[in-house]
Protein chains: 2
Amino acid sequence: MAPDGPAAPGVGGGATGPLARRLEEYRFPEGYRRMFLSAAYAFAEKGFHGTTTRDIAARAGMSPAAMYAFFRSKEDALYQIAIAALDLTVEMLSAEGARSRRPADRLRDVVKILSIWYANNSPVASVVLHQLGALTPEHQAEVLSRKRAIDQVVRGVITDGVASGDFVICDVTAIETAIMSLCVDVARWYRAGGRRTPEAIGELNADLALRLVQPAPDPVR
Amino acid sequence: MAPDGPAAPGVGGGATGPLARRLEEYRFPEGYRRMFLSAAYAFAEKGFHGTTTRDIAARAGMSPAAMYAFFRSKEDALYQIAIAALDLTVEMLSAEGARSRRPADRLRDVVKILSIWYANNSPVASVVLHQLGALTPEHQAEVLSRKRAIDQVVRGVITDGVASGDFVICDVTAIETAIMSLCVDVARWYRAGGRRTPEAIGELNADLALRLVQPAPDPVR
DNA sequence: GTCTATACAGGGATAGAC
DNA sequence: GTCTATCCCTGTATAGAC
């Protein structure tokens with residue numbers, strides 16, 4: 001699964017995540033994949049402005065100028081990373097949303113997917129969450145529309161549950177925000193090798209999300 | 001979801017927050033206060049590495065070198081901002097924790113204080129949450145101990161509530177994390193002039209936090 | 001596609017006058 | 001404490017060989 005031979009220093013665990021697998025599936029050239037992941041992990045660790053093009057190239061085990069064979073600029077690298085990560089997220093959620101089942105189950109699944117994603121990809125996720133101010137306005141707009149698509153999925157599940165009477169809440173937007181907070185904040189506090197696996201975190205957050213949409217005493221239903 | 005919007009040019013709104021008032025109370029010289037707030041807002045908007053010392057000075061309406069009259073380096077400015085913000089947070093929370101009342105009321109108050117703080121100071125808060133990697137290891141350690149003090153307050157309220165039987169939860173750490181997620185994520189999504197005031201957000205998050213610690217007998221599960 | 005070499009700008013920090 | 005001037009390193013990006 002991981003590239004054979006002397007693994008590029010610094011790419012490390014990044015080579016095995018969902019994004020890395022996606023890059024392989026889509027037959028991106030090996031050099032591009034290395035550079036892409038180097039950039040993603042460097043941005044995650046030091047931020048966009050704190051990362052130099054030399055850092056990125058060095059992580060990929062290449063010369064300082066090598067990055068420019070794959071990206072037109074450092075900003076372009078950030079842009080491509082953000083788009084790829086968000087598209088993959090949307091895709092995972094859409095596959096889920098297509099199945100029509102009970103709203104509670106769908107909410108469980110959506111929260112699990114997002115939580116696991118933010119845990120397993122916390123470096124890349126934190127880039128998408130906090131580094132996008134460095135993009136050009138045009139690129140920011142493109143990225144924002146994809147973020148909105150993710151919000152829409154969550155909102156859709158909640159409104160469906162309200163419509164069907166499965167969820168009883170007073171303010172859809174507030175609950176949507178709170179549930180997203182539970183999910184995205186995983187990227188801030190999660191550490192690999194911690195007390196809980198990403199899957200366990202997903203289950204836990206799903207439980208908590210359900211508590212938020214099913215207001216307390218409801219003995220007679 | 002975009003991390004930074006065009007905040008007021010110059011020092012702008014920053015001059016009126018709790019931190020600004022604190023700087024006045026403690027009789028910091030006017031120049032220092034201006035430079036401190038300039039740096040805080042600049043870091044919040046562009047990140048530590050994305051901010052130049054010239055940016056900071058220009059926001060304060062001074063010459064490029066003026067920052068060095070107050071801070072030994074750019075890193076030192078970040079350090080002082082982080083310490084001041086965290087100390088003030090700890091102080092606000094401690095004043096609250098001193099009163100001995102019902103755990104549910106204390107949890108309400110703690111969550112309200114934190115949520116309002118993260119809303120009213122979302123620029124400074126996002127600095128404290130996401131820019132501290134640029135500190136020296138020594139400074140990081142100092143800052144981390146203060147962050148832990150904040151976590152301790154939240155944890156203390158939860159454990160007290162569990163001990164008294166007011167809260168019924170299975171995993172204190174998990175609930176602590178979730179409640180902190182609700183609070184800190186306010187700094188990511190809050191925009192001044194939005195649908196809710198900081199106070200309303202505080203009330204809302206307090207409600208949600210109470211739902212998380214008082215699991216109702218749930219027939220659906 | 002990858003390298004070496006390099007141009008060119010930008011930015012952190014200091015010196016010294018006032 | 002604030003300014004102007006400046007040093008000098010770092011970092012982005014390009015040129016051109018292989």
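Letters A, B, ... are given to chains in the order of the sequence lines, protein chains preceding strands, and every chain is numbered from 1.
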Approximate separation, where rounding is to 0.5 Å, of Ser122(B) OG and Asp185(B) CG: 11.5 Å
From CA spacing to verdict: side-chain contact (heavy atoms from CB on, under 4.5 Å), Leu129(A), Val184(A): CA-CA 8 Å; Leu129(A) 289 169; Val184(A) 305; 4.1 Å; yes
Crowding at NZ, Lys46(A) (>12 non-hydrogen neighbours, <6.0 Å): no
Pairs where residues 78-94 of chain A contributes a residue and the test salt bridge (Lys or Arg N to Asp or Glu O under 4.0 Å) is met, not counting sequence neighbours: Arg22(A)-Glu91(A), Asp87(A)-Arg146(A)
The single option from Arg72(B), Glu142(B), Lys74(B) passing side-chain hydrogen bond (donor to acceptor under 3.5 Å, both in side chains) against Tyr79(B): Glu142(B)
DNA chain C: 5'-most and 3'-most nucleotides touching chain B, 4.0 angstrom heavy-atom criterion: dG11(C) to dT14(C)
Within residues 67-75 of chain B, residues whose heavy atoms come under 4.0 Å of DNA chain D: Ala69(B), Phe70(B)
Sugar-phosphate only, base, or nothing, as touched by Thr52(A) at under 4.0 Å among non-hydrogen atoms: sugar-phosphate
Evaluation steps, salt bridge (charged side-chain N to carboxylate O under 4.0 Å, His left out), between Glu199(A) and Lys112(A): CA-CA 7 Å; Glu199(A) 284 71 23; Lys112(A) 272 172 63 177; over 6 Å; no
Salt bridge (charged side-chain N to carboxylate O under 4.0 Å, His left out) between Glu25(B) and Arg21(B), intermediate numbers included: CA-CA 6 Å; Glu25(B) 273 174 41; Arg21(B) 283 197 297 276; 5.9 Å; no
Integer-rounded Å distance: dT10(D) C1' and His49(A) NE2: 16 Å
Asp76(B)/Ser73(B) under side chain to side chain donor-acceptor pair (under 3.5 Å): CA gap, chis, key distance, verdict: CA-CA 5 Å; Asp76(B) 182 49; Ser73(B) 66; 5.6 Å; no
